[in-house]
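Only one structure is covered here, and it is reproduced in the block below.
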Amino acid sequence: MQYSQKVMDHFANPRNVGEIEDANAIGEVGNKKCGDIMKIYMKIEDDIIKDIKFKTFGCGAAVATSSIATELVKGKTIKEALSLTNKAVIDALEGLPPVKVHCSVLAEEAIKSAIADYYKRQGIDPEPIVGCSCNCTECPCNE
Amino acid sequence: MQYSQKVMDHFANPRNVGEIEDANAIGEVGNKKCGDIMKIYMKIEDDIIKDIKFKTFGCGAAVATSSIATELVKGKTIKEALSLTNKAVIDALEGLPPVKVHCSVLAEEAIKSAIADYYKRQGIDPEPIVGCSCNCTECPCNE
Amino acid sequence: MIYVDNAATTPIKPEVLDKMMPYLTEKFGNPSSIYKSGREAKEAISKARADIAEALGADEKEIYFTGSGSEADNWAIKGVAHSAKGRHIITTAIEHHAVLHSFEYLGRNGFEVTYLKVDNDGLVNPDDLRAAVREDTSLISIMTANNEIGTIQPIKELAQIAKEHKIPFHTDAVQAFGHIPLNVEDLGVDLLSVSAHKIGGPKGVGALYIRKGTKITQFMHGGAQEYGKRASTENVAGIVGFGCAAGLAMKNLDKNIAKTTSLRDYFIKKVQESIPHCRLNGHPTKRLPGNVNFSFEFIEGESLLLMLDMKGIEASSGSACTSGSLDPSHVLLAIGLEHEIAHGSLRISFSEDNTVEEADTIVRELIPIVQRLRDMSPLYHK
Amino acid sequence: MIYVDNAATTPIKPEVLDKMMPYLTEKFGNPSSIYKSGREAKEAISKARADIAEALGADEKEIYFTGSGSEADNWAIKGVAHSAKGRHIITTAIEHHAVLHSFEYLGRNGFEVTYLKVDNDGLVNPDDLRAAVREDTSLISIMTANNEIGTIQPIKELAQIAKEHKIPFHTDAVQAFGHIPLNVEDLGVDLLSVSAHKIGGPKGVGALYIRKGTKITQFMHGGAQEYGKRASTENVAGIVGFGCAAGLAMKNLDKNIAKTTSLRDYFIKKVQESIPHCRLNGHPTKRLPGNVNFSFEFIEGESLLLMLDMKGIEASSGSACTSGSLDPSHVLLAIGLEHEIAHGSLRISFSEDNTVEEADTIVRELIPIVQRLRDMSPLYHK
Ligand SMILES: Cc1ncc(COP(=O)(O)O)c(C=O)c1O
Ligand SMILES: Cc1ncc(COP(=O)(O)O)c(C=O)c1O
């Protein structure tokens, strides 16, 4: 198992770590059993992700995928953010070891989960917009 | 498998190799299948083994046990020669590797086989004197 | 670089490499060959075998070299199970995967396996073993010392129970050999696995002690090497290195135990004093001299290791084999840790070559790293 | 000293040892560890795997390192047999003991074995294989080249027959690898065994090629090494050495074949001209470049070897594993030799490092030694 330089860079210097006090979109995916938990905080204004922060409990890849995912969606529209795939996360990190691919899935789902939360807060059913991944408590390691 | 110096000495410089033209006792033991054949020639006078020679087809231990056995019985009485055990042959050689112990048995039997031949030539049944080992064509490797 | 993962593997000691070099160069003969270079190789193996035998209090004829500790485990377990009539076998929940997966394999192939539980310190209770033994039990395998948490089992007492029921007893002593005193007669075990690379010898060499009279099928068929019981051209240089490493380990045993034990306890104390929310895993005293295993709450082990690595500190989060796997350590779960805590463990394994300065450096680096990861963790609330 | 037993083992090439040294010293990490020294070790293994794969025309994912050629044979044979439904398996009468004894073991455990005969040159007749194949045949194993008499089998043709019947085909290429061109795609084999110490690499390392999709059970259970298929901490230095040796062998293949073949043929001619009552065993042309095997009538092989050894010439009377055994070579018996002639064989195996001068010296020493032993033999009559 060997991480790319890009992964190591995002692990050693993760971007957007922390919480947002007045976040209007918060998502959490993963679970303790699996050993990876990602929590995403967003400040969404006019359909645009103005600010985003994360907190992650997990391996190097979990930290790096959280970091890059926040970078990839920051300043983007909700629609653009929802189109983020785990594949795009992997590509942006210049690859992930096979056993760590689930972390990229988790990152994708964390973003979606936060956006789903945003819709819920506004009384909108997120399901048709975000898809069914909004309540991901089953982690891929249990598959 | 490691031969003692004594074995190597008797292998490299075997004593009493050859045939005796006017031998009055000739014994042969072992077989081709086994890969060891010992042929002993003796000149017996007044119950004493005046001269002894051997020819051997076989491994290093077969040559060395032949050589030492001829030395051990040369000049001895028949009775003394008959009391030669394979154990004595091994001791005289300062040991033999376990897989080569059968060669010492062969040497003991070769001596007995020649003495049996000596009695037979005189019309005496060797069996009560020499024992049953006089017609050893079965080699220990088939056991 | 500070290397404190000696339970994963150790550097070859310079004396050991010196002894190996001739067999990597001019003394290259095949030990089965009868000429000089072959005989030299054969003698070198005999010498090494005698060294291992002596270190274990065994007879030379009871020592069989293998290609690894894992092979010794596989051979012992499958070999004894397959030569027995009974179909029940016993091991523990905290064995190394070489043992555990061999048992699982047998479990899928007609055997019934009992996995003994351990207490919070990782100890097997002899009463549990007594209760597990059946008429048809044909093998008991319990490790001498655990590779993750260092807990040392009461092997003598456990082997005694096996003996009373005439059941062959195997112990995986890969972590214990060369680090604590071991004597097969005193312990009363029938089979015992060891590995060279855990004691300053080379990788790719192990050995299995098989008590005379123990019924065991062959694992590797072929040539007549190792008393006809384990075919393969011998790894001569590796075996020579193993013998030498074992000899050195025995010579320095008391000294090394004293040194690493005090380093271990010093380090444990310092960590406990300076990092909150940490838990020492394994038995406080019945543990390998060099073993330290901490769980740091709210953080995950791999991240911790990567950060230590960036500071030039090489340590582990459990056994080397499980790194890169997604499952938390089966050992930590067996001693009752919660999943998320089991994920956050750090194993430091000292050798006699580590120093107090190194221990201090590790603590100094560890404090901010743990804090940084906690600050990043959604589970942590100040 | 003249070493002409390169089929038994070879000295490690200096370039190979150079490549190994860092992994015997500072680069000692466990390849399963995630920190720097572990990653370095892991990369070194990947590089070696790529070298072996390239040498065989295989994919890297199809190469599994083992602890020896014998282990590769054991794994291939038992692993395929045990994962199949059919209970009939086929091999030849002239296989190395690692294959033969694995088949005999299976024969004692519920399998029916067909041992194909060979002709006087040691060749398997493809028609015999065709005739032996049954509905329930689940494995065919035929060696690429014989270790005693050097005969090279028509593997491509034989593997084609297996393919037509969808039967997994294994070949023991321990003697062939690095000495003749081998390509798993071209040959069409499913499994192929190799060993490092026959090509200037270290002892105690082998590899098994397993074609993608081949059903095979695990042989060594434990850690996740070798794609989870062969547990054990890797013999990193050994594996690195193997990779390097394979690379060198492939680079110099044509040159080495030309050199050793001409040395072999020169030597054979000289012996035949100067020693009566001798017989060349093995095929005259379909044979390994370095292999010479003569039977000298009326004399026994071990004595011959000992006398050559006293003159500083290291050679063999068959496979290294059978020296010290009482049975004459099963290979020589299989090609139709009488027992006493089978006992009197001499195998000379040249490498590219042997010279014409050495060949001349051997012949010069051999002539009086053969005569002396014949004079001592009760079977010889001038
Ligand atoms: C044809 C053949 N197969 C298998 C082996 C066994 O290989 P290893 O010595 O690596 O166990 C050998 C050599 O010993 C051999 O010549
Ligand atoms: C307790 C234990 N058993 C077995 C093994 C396996 O030994 P090896 O690495 O030589 O295969 C190890 C180490 O890896 C171990 O720690």
Side-chain angles (χ1 to χ4, degrees), chain C residues 1 3 5 8-12 17 24-26 28-30 32-38 67-71 73-74 96-98 101-102 104-105 195 197 202-205 218 220-225 231-238 302 305-306 309 314-316 319-321 323-325, chain D residues 1 3 5 8-12 17 24-26 28-30 32-38 67-71 73-74 96-98 101-102 104-105 195 197 202-205 218 220-225 231-238 302 305-306 309 314-316 319-321 323-325:
Chain C
M1 203 255 284
Y3 185 77
D5 199 11
T9 196
T10 55
I12 299 180
L17 188 56
L24 292 169
T25 51
E26 75 275 12
F28 64 84
N30 188 316
S32 296
S33 301
I34 64 168
Y35 43 72
K36 184 154 172 290
S37 73
S68 64
S70 297
E71 187 191 329
D73 285 341
N74 273 261
H96 186 267
H97 282 149
H101 291 171
S102 291
E104 288 166 5
Y105 162 79
S195 182
H197 73 98
K203 294 175 181 60
V205 194
Q218 211 166 321
M220 203 85 84
H221 290 87
Q225 292 92 350
S232 289
T233 300
E234 300 91 334
N235 179 350
V236 183
E302 193 204 276
L305 295 192
L306 288 172
D309 184 30
E314 302 197 330
S316 152
S319 81
C321 303
S323 75
S325 113
Chain D
M1 202 256 284
Y3 184 78
D5 199 11
T9 195
T10 55
I12 299 180
L17 187 57
L24 293 168
T25 51
E26 76 276 10
F28 63 85
N30 187 319
S32 297
S33 300
I34 64 168
Y35 42 73
K36 184 155 172 290
S37 74
S68 63
S70 297
E71 187 190 330
D73 285 340
N74 273 261
H96 185 269
H97 282 148
H101 291 170
S102 292
E104 288 166 5
Y105 162 79
S195 182
H197 74 100
K203 294 174 181 58
V205 193
Q218 211 165 321
M220 205 86 83
H221 290 87
Q225 292 92 349
S232 290
T233 300
E234 299 91 334
N235 178 349
V236 183
E302 192 204 276
L305 295 192
L306 288 172
D309 184 27
E314 302 196 330
S316 151
S319 81
C321 303
S323 74
S325 115

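Within every chain, numbering begins at 1; the chains are lettered A, B, ... in the order of the sequence lines, protein sequences first and strands thereafter. These values consider heavy atoms only, across backbone and side chains, with no hydrogens, waters or symmetry-generated copies.
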Scored by heavy-atom pairs under 4.5 Å with chain D, the best of S70(C), G67(C), P11(C), A98(C) is P11(C)
Could you report the tightest heavy-atom contact between Y35(D) and A315(C), atom names first, then the distance? CE2-O, 3.0 Å
Output the distance between atom NZ (K203(C)) and atom OG1 (T9(C)), rounded to the nearest 0.5 Å. 3.0 Å
Please report the shortest heavy-atom distance between L24(C) and A237(C), naming the atom on each side. CD2-CB, 3.5 Å
Contact summary for F28(C) and T10(D), nearest pair of heavy atoms: CD1-C, 3.9 Å
Please give me the minimum heavy-atom distance between D309(C) and I34(D), naming the atom from each residue. OD2-O, 4.3 Å
Report the option among H101(C), M1(C), E234(C) that has the most heavy-atom pairs separated by less than 4.5 Å from atoms of chain D. H101(C)
Would you mind telling me which of G204(D), S68(D), S195(D), S232(D) has the largest number of heavy-atom pairs within less than 4.5 Å of chain C? S232(D)
Do you know which of E104(D), Q218(D), K36(D), E26(D) has the most heavy-atom pairs with chain C at a distance under 4.5 angstrom? K36(D)
Highest number of heavy-atom pairs under 4.5 Å with chain C: which of G69(D), G38(D), G238(D), S37(D)? S37(D)
Non-hydrogen atoms of chain D under 4.5 Å away: do they reach the side chain of N235(C), the backbone, both or neither? both
